[in-house]
Amino acid sequence: MDLPWYSLLVPLFFFLFFLIQCFFTTSSNQKKLPPSPTKLPIIGNLHQLGSLPHRSLHKLSKKYGPVMLLHLGSKPVLVASSVEAAREIMKTHDLVCSSRPKSSFADKLFYGSRDVGFSPYGEYWRQIKSIVVLHLLNNRRVQSYRDIREEETSNMIDKIRQECGSSSSVIDLRDHFCFLTCNIISRVALGRKYDEGEGGMNAKVTLDELGELFGTFNIGDYIPLLEWVNKLTGLDTKMEKVAKSLDTFLECVIEEHIIKNNKGEYSTGEAKDFVDVLLEVQNGKETGFPLQRDSLKAIILDIFSGGTDTTYTALEWVMTELLMHPRAMEKLQNEVRGLAQGKAEITEDDLGYMQYLKAVIKESLRLHPPIPLLVPRESIEDIKLLGYQIPAKTGVIINAWSIGRDPLSWENPEEYRPERFLNSNIDVKGLNFELIPFGAGRRGCPGTGFAIVVIELALARIVHKFNLALPKGEELDMTECTGLTIRRISPMLAVATPCSSYY
Ligand code: HEM
């Protein structure tokens with residue numbers, strides 16, 4: 001049967017329509033996404049994170065490039081492992097990448113994520129971040145706590161000396177560093193130290209539990225269908241218990257301040273602690289908006305948990321590297337002792353002259369950023385990043401550990417060589433994206449200045465007063481723990497010998 005020629009028009013029309021559809025989808029609508037490792041159904045790439053995700057992601061980035069798109073359960077997550085990618089995220093697209101992903105951990109422990117660190121980007125976060133930056137952690141206020149830092153560091157030195165007696169002893173420096181930072185932050189933030197059991201809790205134990213929860217993998221955040229697993233494993237109950245005990249403690253601290261204020265025993269001027277300042281802000285006197293009680297507690301908890309763990313972990317890594325590099329230790333001691341010039345005690349005035357001390361700290365933070373995968377962010381709009389389309393609501397992880405070891409930025413990156421910072425302007429303040437232990441941009445750490453001066457003073461005083469070495473015949477076990485803040489698993493053992501000529 002012969003068909004008329006026009007009967008071919010209908011299939012031809014459909015064929016052309018199909019071609020045009022394909023063409024336009026490829027050229028304009030289909031997004032060029034970053035390369036992704038193969039994912040599994042439901043869990044996506046979760047199985048590729050391992051127990052030390054900063055190292056696993058570093059390895060994956062060698063294969064898939066410095067910008068990768070992973071799927072952690074149902075959540076798309078961009079992983080950045082190069083200076084350029086970090087700069088794009090924290091500078092070029094800082095505004096769009098300044099939110100934080102929802103976390104049930106933060107919702108339960110930080111009063112519905114009303115703290116600075118976990119709060120999503122928006123007016124509320126802008127207001128509380130400005131309170132923290134302008135009222136709590138500005139340069140003048142950080143300076144004003146100098147006496148507290150000097151006193152607590154002296155206490156630490158005395159305790160180490162008591163432990164040593166007059167000879168050499170093996171001591172665990174972790175406890176000393178931990179108590180030092182915990183005591184300083186207690187006094188600065190809460191007005192005094194809280195001893196065991198006071199306020200219904202042992203501050204250190206509960207903070208340790210909080211730190212442990214920080215590091216616990218919460219399946220429900222990635223695969224909402226499996227949220228019930230947290231009930232089964234007891235994680236939900238544990239979070240509730242820790243949240244309750246933290247709340248009891250914070251309520252006790254706030255009530256104590258209110259009673260003191262009602263009695264007219266105000267702390268004045270720079271002597272105010274953070275709770276004093278926040279109670280003033282709570283009345284809207286300073287900022288023009290009232291701060292709810294839960295927000296106040298969330299901010300205090302943020303400072304406590306964000307400031308303690310990180311600072312003593314950084315101190316530990318500096319000491320670890322110095323013990324493994326006795327020549328760097330000797331050079332540092334020569335600098336500190338030379339500048340101390342027979343003085344009984346190093347003060348904060350001396351720190352400005354200690355260039356090698358600063359270099360030693362930067363080099364340790366380069367190799368061991370305490371939070372190797374910076375606190376996760378989330379994009380709030382679609383963006384184009386280094387040629388790739390990144391859809392809104394994509395999680396963003398920046399691998400500061402990997403960036404600190406990038407051979408494109410650092411010569412012999414695995415080598416510990418503080419000298420590389422001696423004639424360099426590279427700093428940790430968030431302007432140099434090759435060194436970002438404190439993050440950068442709007443979400444950058446507001447406690448950088450606070451942390452650095454604690455680390456500098458503690459380190460200068462300890463190497464001034466003691467000779468320190470690895471216990472005989474021992475090598476440091478460098479195996480790292482899991483969690484948000486990464487330190488070595490093994491204790492921080494060192495042989496400390498009081499140096500009589502400096503007492
Ligand atoms: C060596 C010590 C410290 C390290 C390595 C560190 C590191 C960090 C990092 C990586 C972030 C996330 C930055 C980003 O997303 O770009 C952060 C945020 C934060 N840090 Fe620190 N930190 C330290 C000490 C402190 C101290 C002493 C305080 C307070 C006294 C503090 C308070 C905070 C707060 C409130 C945030 C949340 C900022 C926001 O989300 O807007 N940190 N820190």
Side-chain angles (χ1 to χ4, degrees), residues 54 80 86-87 89-91 94 97-101 103 106 110 113-122 124-133 135-138 141-142 145 148-149 177 180-182 184-190 214 273-274 277 295 298-318 361-362 364-366 368-378 395-401 403-404 428-431 433 435-456 458-459 484-487:
H54 57 292
R87 188 181 293 115
I89 292 164
M90 297 193 283
K91 192 173 174 190
D94 187 39
C97 296
S98 272
S99 203
R100 299 276 192 219
S103 142
F110 289 81
S113 301
R114 301 186 75 74
D115 64 318
V116 188
F118 290 107
S119 176
Y121 182 80
Y124 174 78
W125 170 78
R126 270 205 302 275
Q127 282 177 336
I128 55 168
K129 176 101 184 209
S130 77
I131 292 175
V132 169
V133 171
H135 296 277
L136 304 185
L137 289 166
N138 64 50
R141 195 166 292 283
V142 171
Y145 297 123
I148 294 180
R149 287 187 295 269
F177 291 162
L180 170 74
T181 49
C182 203
I184 292 177
I185 295 197
S186 277
R187 288 180 64 186
V188 165
L190 316 177
F214 256 125
D273 59 57
F274 288 179
V277 179
S295 304
I299 295 172
I300 288 294
L301 190 55
D302 222 10
I303 302 264
F304 226 104
S305 56
T308 314
D309 227 26
T310 46
T311 308
Y312 87 76
T313 299
L315 248 174
E316 234 191 274
W317 280 120
V318 181
I361 294 169
K362 283 183 196 169
S364 308
L365 287 171
R366 175 182 76 79
H368 312 285
I371 306 181
L373 299 177
L374 303 185
V375 185
R377 298 181 177 212
E378 189 176 87
V396 179
I397 290 180
I398 299 164
N399 194 344
W401 188 89
I403 292 171
V428 292
K429 292 181 185 150
L431 298 174
F433 291 89
L435 189 65
I436 44 168
F438 295 94
R442 285 174 175 74
R443 277 287 180 173
C445 175
T448 309
F450 191 103
I452 290 289
V453 69
V454 171
I455 297 168
E456 286 182 355
L459 186 63
L484 183 71
T485 311
I486 303 285
R487 65 185 77 90

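All residue numbers refer to positions in the sequence shown, counting from 1. A quick note: this is a predicted structure, and the numbers were derived from the prediction, not measured. Just follow the structure's listing: the first ligand is 1, and inside any ligand the first atom is 1.
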- [ ] Show your working on side chain to side chain contact (heavy atoms under 4.5 Å, CB included) between F450 and I184 and close with a plain yes or no.
- [x] CA-CA 10 Å; F450 191 103; I184 292 177; 4.2 Å; yes
- [ ] Examine ligand 1 and decide if any of its atoms is less than 4.0 Å from a heavy atom belonging to V116.
- [x] yes
Open item on the list: Tell me if a side-chain donor or acceptor on R141 pairs with a main-chain N or O of L136 at a distance below 3.5 Å.
Closed with: no
Task: Closest protein heavy atom (residue, atom, distance) for atom 11 (C) of ligand 1 - done: V375 CG2, 3.9 Å
TODO: Please could you name the atoms of ligand 1 that R377 approaches to less than 4.0 Å, counting only its heavy atoms?
DONE: 14 (C), 15 (O), 16 (O)
- [ ] For residues L365 and A314, report the shortest heavy-atom separation together with the two atoms involved.
- [x] CD2-CB, 4.1 Å
Task: Geometric N/O contact W125 with ligand 1, under 3.5 angstrom - done: yes
Task: Heavy-atom proximity to atom 30 (C) of ligand 1, best of L315, I303, I128 - done: I303
- [ ] Starting from atom 37 (C) of ligand 1, find the nearest protein heavy-atom neighbour and note its residue, name and distance.
- [x] G117 CA, 3.5 Å
TODO: Assign the ring pair H368 / W317 to parallel, tilted or perpendicular, where the plane angle (0 to 90°) is split at 30° and 60°.
DONE: parallel
Open item on the list: If we ignore hydrogens and angles and just use 3.5 Å, is the side chain of K129 paired with the main-chain N or O of R442 as donor and acceptor?
Closed with: yes
Task: N/O donor-acceptor pair under 3.5 Å between R100 side chain and G117 backbone - done: yes
- [ ] Write down the atom of R443, the atom of V116, and the distance for their closest heavy-atom approach.
- [x] NH1-O, 2.8 Å
Task: Where ligand 1 meets K129 - atom numbers and elements under 4.0 angstrom, heavy-atom basis - done: 38 (C), 39 (C), 41 (O)
Task: Nearest atoms (heavy-atom pairs only) where R377 meets S98 - done: NH1-OG, 4.2 Å
Task: Face-on cation placement of R114 at Y124 ring, 6.0 Å and 45° thresholds - done: yes
Open item on the list: Considering A400, G449, P446, G430 one by one, which has a heavy atom nearer to atom 19 (C) of ligand 1 than any of the others?
Closed with: P446
Open item on the list: Considering non-hydrogen atoms of the protein only, which is the closest contact for atom 21 (Fe) of ligand 1, and what is the distance?
Closed with: C445 SG, 2.3 Å
Open item on the list: Any non-hydrogen side-chain atom of T310 less than 4.5 Å from a side-chain atom of I371?
Closed with: yes
Task: Polar atom proximity, T311 to ligand 1 (N or O, under 3.5 Å) - done: no
Open item on the list: How far is atom 27 (C) of ligand 1 from the closest protein heavy atom, and which atom is that?
Closed with: G307 CA, 3.5 Å
- [ ] Any atoms of ligand 1 less than 4.0 Å from a non-hydrogen atom of L374? List them with their elements.
- [x] 10 (C)
Task: side chain to side chain contact (heavy atoms under 4.5 Å, CB included) between L180 and T311, worked out - done: CA-CA 10 Å; L180 170 74; T311 308; over 6 Å; no
Open item on the list: What protein heavy atom lies closest to atom 6 (C) of ligand 1? Include the residue and the distance to one decimal.
Closed with: F438 CD2, 3.6 Å
Task: Contacting atoms of ligand 1, where contact means under 4.0 angstrom from a heavy atom of A440 - done: 16 (O)
- [ ] With heavy atoms of P437 as the reference, note each atom of ligand 1 found under 4.0 Å away.
- [x] 5 (C), 7 (C), 10 (C)
Task: Atoms in ligand 1 with a heavy atom of P370 nearer than 4.0 Å - done: 5 (C)
Open item on the list: Just to confirm my output: which protein heavy-atom neighbour is closest to atom 23 (C) of ligand 1, and how far is it?
Closed with: T310 OG1, 3.4 Å
TODO: Mind listing the closest non-hydrogen atom pair of L315 and I455 along with its distance?
DONE: CD2-O, 4.1 Å
Open item on the list: Please list the nearest protein heavy atom to atom 13 (C) of ligand 1 with its residue and the distance rounded to 0.1 Å.
Closed with: R443 O, 3.3 Å
TODO: Indicate yes or no: does an N/O atom of R442 lie under 3.5 Å from an N/O atom of ligand 1?
DONE: no
